[in-house]
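Each remark here refers to the structure printed beneath this line.
Since this is a predicted model, take the numbers as computed values, not measurements.
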Amino acid sequence: MSHIVIIGAGQAGAALAAKLRALGHDGPLTLIGDEPAPPYQRPPLSKKYLLGEMPLDRLYLRPPAFYAEAGIDLRLGETVIAIDRARGRVVLEGGEIGYDMLALATGAAPRRLPADKGGALAGIHVVRTLADVDAMAPAFRSGARALIVGGGYIGLEAAAVASRLGLKVTLTEAAPRILQRVAAPETSDWFRALHAAHGVEIREATGLTRLLGETRVTGAELADGSIIEADFVILGIGVAPATALAEAAGLTVEAGIAVDAMGRTSDPAIWAAGDCTSLPYRGGRIRLESVQNAIDQAEAVAANMLGADTPYDPKPWFWSDQYDVKLQIAGLNLGYDRVVVRPGDRAGSLSHWYYRGAELLAVDAMNDPRAYMTAKRLIEAGRSPDPESVATGDLKALMAA
């Protein structure tokens, strides 16, 4: 019976282990995580969990007893320091584990500031793990001054929670606009107005020169020369795929651990899934940072590890919760040249449809689940309604066309 070892006990690793058992793998199965908590959801950490609306046990992806009952050797709080491919062994700080097949689900790590920019000061937080959010929670007291660096979805979600809890929030973004890397100007404008309505000060086209303070952060000097006072700082400046183990083991890395359409790395005995991977997509390679991809890719990899030989065809979708707004995104807007704005069926709802020529690529739907579901089905079916009909037409008619 082959022994399968999975490194990384996040969303992808947990999904992979569960799917292997569901598909009938009855050999030894080891799931190794460097955090002390059993596999948990990350999206609610900086929202419902931080707001006190979700207890810790509801974060868990499965009851802790599931793993033993499924015959999964869940090893928590253990760090893998090397992969010995020649001997088929995983090296931990306290020993070794042999494997017949290995899966990497090492995820991604948030980017931090270097020490010469004040990155070593106390009171600077990132948003990724349970420990990260537990560490920042005491700072979220009414009236405190929060500085958020980065105007992507992580930064905007943090700003929304801080504002809801009565903090004074300033968000800085070095790019000309928030969400510039991931969304059209129309979506940026919509969310800028939303945050302004909740009292968040957004400083765009304003980079960070350095954080200030002796041992603890007290503020920041911005690129325009201004000084902002702050009681704490949240960095939302992106993540980097956790590829160190793969690189040290000599696996191919291309903006992530490079896998083929089956999820196999450059070593046929080693597979990978989730945020750490770069995967084939429409003639190129992409890396998808989402819960949906972590689960779908992990389950596809589990099947292929057991011989399914079925290429994984990603169907990207994402979401973000800010205040009382649910943003739902379907598709990838890479290369769009036109955005069609479609008013929603009720006040406060709207959707932005991305086109490249006549091809529908993606949608951003703000509090508009019907538009989101319609666009998602169209995109996944490879259908592109006429842009003019999207702006004013009936959603049912779009599906029937």
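- Sorted by first then second residue, the ring-ring contact (aromatic ring centres under 6.0 Å, His included) pairs that include residues 267-294, not counting sequence neighbours, number zero.
- Taking the ring centroids of F318 and Y153, they lie at or beyond the 6.0 Å cut-off.
- The closest side-chain donor-acceptor pair between H352 and T187 falls under 3.5 angstrom.
- Each of R383, R377, K376 was evaluated against E380; a single residue qualifies, K376, per the salt bridge (charged side-chain N to carboxylate O under 4.0 Å, His left out) test.
- Atom NZ of K168 is surrounded by 12 or fewer heavy atoms from other residues, nucleotides or ligands within 6.0 Å.
- Here the shortest heavy-atom pairing between S351 and D368 reads OG-OD2, 4.2 Å.
- Here the closest non-hydrogen pair linking K315 and D313 is NZ-OD2, 3.1 Å.
- In the model, E157 has a side-chain atom that pairs as donor or acceptor with a side-chain atom of S320 under 3.5 Å.
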Using a 3.5 Å cut-off and no angle test, enumerate the donor-acceptor pairs between side-chain atoms of residues 123-136 and protein atoms at least two apart in sequence or in another chain.
unit_1 : atom_1 : unit_2 : atom_2 : d
R128   : NE     : A108   : O      : 3.2
R128   : NH2    : D275   : OD2    : 3.0
T129   : OG1    : A131   : N      : 3.4
T129   : OG1    : D132   : N      : 3.0
T129   : OG1    : D132   : OD1    : 3.4
T129   : OG1    : D132   : OD2    : 3.2
D132   : OD2    : R128   : N      : 3.2
D132   : OD2    : T129   : N      : 2.9
D134   : OD1    : Y49    : OH     : 2.7

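- Looking only at atom types and distance, the side chain of Y312 has a donor-acceptor partner in the side chain of N293 under 3.5 Å away.
- Side-chain atoms of S266 come within 3.5 Å of backbone N or O of T252 as a donor-acceptor pair.
- The main-chain N or O of A308 is found under 3.5 Å from a side-chain atom of T310 such that the two form a donor-acceptor pair.
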